[in-house]
Each structure stands twice: as C-alpha cells, then as structure tokens.
Amino acid sequence: MSYTSIENRLQNGNIVLLDGGTGTELEKRGAAMDPEAWCGPATLENADILEGIHRDYIAAGADIITANTYASSRLMLEHAGYADRFEEVNRAAIAAAFHARQTIGRDDVLVAGSLSHMCPMAADSDRPDLNREPPLEVMRDAFHELATLLCDAGCDLILLEMMYYPQRIPLAFEAALATGLPVWAGFSVRRDEAGNVVSFAPERSIPFDELLTILDEVDVQAAGLMHSSADVIGEATAILQQQYKGPLMAYPDSGYFRMPHWQFEDVIEPEALVDFAHAWVDDGVQILGGCCGLSPKHIAALHKAIT
C-alpha cells in the first residue's frame, strides 16, 4: 500500500493504527540497552528479535510499523562507540521492518522511519559532557544524515518523534522535510506543578503552544501527541487543534525512563487505553498507537475496539 492509500483513509475520516513501543519492547524481550545510546545499537545483535516485534505489531493490527532508528543518529552512536557503523545500524533497523512485512505477507503495511532530536545524555555523573547540548550545526548535520538515509532506504514516511526542545525542533523538521517524504510530527508534553500543559523538557515550563509555532512555517501530513501520559493527551490535543487543522495523532507512553532502561511500572492496561482512545477519537484523533512501555497487546486492543 502506498502512502496515498493511508492519506485517502484519513481524508475519509477513518482510523489508522501505528504500532507501539519498539525500543522498550526490545528490552522487554532481552536485548541489552546501551548506557549512552539506549536502543540504537541494539539492532546489531538483535535483528531477529526486532523483526519479531514488527511482525507482532502487524499481527495486532498496525497499519504502520516504525523502524528502530529513534536513537541511532550519529550524535547518539558516536558517543557509544558506533560512529563507524552508523549506516550499518540504521539500514539493518529498516531492513528488519521491511523483512517483517514481507514475511508476514502484508505489503499494505507502511514503514515509518523514526527521527528524533535525542542527544546523548549521561546515565550517571561520570559523563557530564553528555549533558551538554551539541552545537546547532552538529545537530543539523546529524538529523539531515539520518533523514536522508531513511529516505534512501525506502521508508514510506518520516515520523518525527518526541519533539519538545524549541531550539532543536526546527532542525529536525528541516531535515525530515528536505527528503520530500510525508512527515508526521509527534510532540511530547507533561503537566507542570500548576497543572499546565507544557513541553516535556524538564528544565523549565515551556507552554505547549510555544512548541507549535513551527506548524505555522511548515507543511506536515499529520501532527499529534506522543511519549506523553494518556491523561494529558486530551487537553494537549485541544491546544493543538487551535494551531493545526490536519489529521491528529495520539500515542502515549506508560512507565518512565531511567537511562538506559525503561521502568515498566504501572503500565496502563489495554482496556484503560481503549477508554482514553474512544475519547480522543471523539475529539477528532484519527491516528492511534503507543509509545514506550506499550506492547502488541495494546495495539491489538485498539484494533479490536476502535477500527
């Protein structure tokens, strides 16, 4: 199925299902997480596990599966000692998604290339250098390099994941849009101490609508909330709708991150996710899925209840 088919479904008011977490599902199935690059390098030694994850999401009803490229820009791989394997890591991740689609006989499922603005972060205090943001030009080059590879390797669209730092967002959008592929933008939010919806960035409370100014300048095919708690997505979607009139997405996370491991604590039950999703659909959301901590059983529940 071409992207045009998904576009037509959205224009006709239908629901489209993304997959769930990939990096966290790798960890849950035994893949080692890198202390400096999280799930990025895991592809190299766990291609079979990764392919199985993709197959499980397709079997659960996902219309789109996401390549394990969220944490595999050169920025991330260099600090982990994998800079010379940048192309190998990313092409293997994309190939795993396509092979899963082929093996299960579902050529109608699209493959999204994941592009984040994630930069190296320290797992402990021994590497304070990792908590310093790279220069803008270094980030720009890294995002463009990965976006170009995602396009060259055949991804059907680019999924901008976890957009929440205002200074990095334009660089990621620029790189994705330069490929000419369809772009879906996933923003990440939280509530501050006053209960306001703000950027996921922990350093200060940046109003969510400040992140959305980028949508005045660019043309994306869908936008929404990801890597955000289910109980904040409804209010955040209402804010997004004031800025953006295209197809809307919602794919929450559940649990929390302590570099380099996801903490699978109090993960939302599939039935509770479905309850939230019904409300999101009532509010105009058409693209549903899951992020960190969510699994094929969550996608299967959404498929059964909503599509």
Side-chain angles (χ1 to χ4, degrees), residues 1-3 5-6 15-34 37-72 87-116 146 149-162 181-182 184 186 226-227 249 251-254 262 264 270 273 287-304 307:
M1 179 169 63
S2 68
Y3 181 79
S5 299
I6 287 287
I15 301 297
V16 170
L17 281 188
L18 282 165
D19 54 8
T22 302
T24 56
E25 196 66 16
L26 276 166
E27 179 165 21
K28 189 187 297 183
R29 300 186 188 197
M33 298 291 103
D34 189 277
W38 187 40
C39 65
T43 296
L44 291 173
E45 303 297 330
N46 301 280
D48 289 345
I49 296 175
L50 181 57
E51 184 179 328
I53 291 168
H54 291 312
R55 287 199 304 269
D56 287 349
Y57 280 126
I58 294 171
D63 300 301
I64 299 170
I65 53 175
T66 308
N68 184 42
T69 56
Y70 175 93
S72 57
E87 186 156 340
E88 179 187 1
V89 168
N90 286 289
R91 288 194 179 275
I94 297 164
F98 277 109
H99 196 252
R101 187 178 75 171
Q102 179 182 12
T103 300
I104 208 168
R106 288 288 307 278
D107 288 343
D108 57 321
V109 172
L110 301 189
V111 173
S114 174
L115 178 65
S116 75
L146 180 53
L149 187 149
L150 296 175
C151 182
D152 290 348
C155 291
D156 298 295
L157 70 149
I158 291 181
L159 190 57
L160 287 173
E161 294 205 68
M162 210 172 175
L181 290 175
W184 291 7
M226 62 88 62
H227 197 84
M249 302 185 292
Y251 50 122
D253 66 3
S254 194
W262 190 257
F264 296 93
L273 176 64
I287 302 165
L288 297 169
C291 189
C292 294
L294 275 69
S295 66
K297 67 180 183 180
H298 291 89
I299 303 307
L302 290 174
H303 182 261
K304 180 179 179 180
T307 60

Inset, instruction - Measure across Gly290 and Ile299 and return the closest heavy-atom pair with its distance rounded to 0.1 Å. - result: N-CD1, 3.8 Å
Legend entry - Audit row: Asp56, Arg29, side-chain contact (heavy atoms from CB on, under 4.5 Å) steps and yes/no: CA-CA 12 Å; Asp56 287 349; Arg29 300 186 188 197; 2.9 Å; yes
Legend entry - Ile94 side chain near Leu149 side chain, heavy-atom distance below 4.5 Å: yes
Legend entry - Heavy-atom neighbours of Glu45 CD exceed 12 at 6.0 Å: no
Inset, instruction - For the pair Thr24 and Trp38, evaluate side-chain contact (heavy atoms from CB on, under 4.5 Å) and give the outcome as yes or no after the intermediate values. - result: CA-CA 10 Å; Thr24 56; Trp38 187 40; 4.0 Å; yes
Inset, instruction - With the side chain counted from C-beta on, respond yes when Met33 and Leu26 share a heavy-atom pair under 4.5 Å apart, and no when they do not. - result: yes
Inset, instruction - List the steps and the verdict of side-chain contact (heavy atoms from CB on, under 4.5 Å) for Cys292 and His227. - result: CA-CA 7 Å; Cys292 294; His227 197 84; 3.7 Å; yes
Legend entry - Spatial distance of atom CD (Glu87) from atom CG (Asp152) [nearest 0.5 Å]: 8.5 Å
Inset, instruction - Rounded to the nearest 0.5 Å, what's the gap from OG1 on Thr22 to CD on Glu161? Could you check? - result: 8.0 Å
Legend entry - Ile65 side chain reached by Arg106 side chain, heavy atoms, under 4.5 Å: no
Legend entry - Heavy-atom pair with the smallest gap, counting every atom of Ala112 and Cys155: C-SG, 4.3 Å
Inset, instruction - Output, in order, the C-alpha distance, side-chain angles, deciding distance and verdict of side-chain contact (heavy atoms from CB on, under 4.5 Å) for Tyr251 and Thr66. - result: CA-CA 13 Å; Tyr251 50 122; Thr66 308; over 6 Å; no
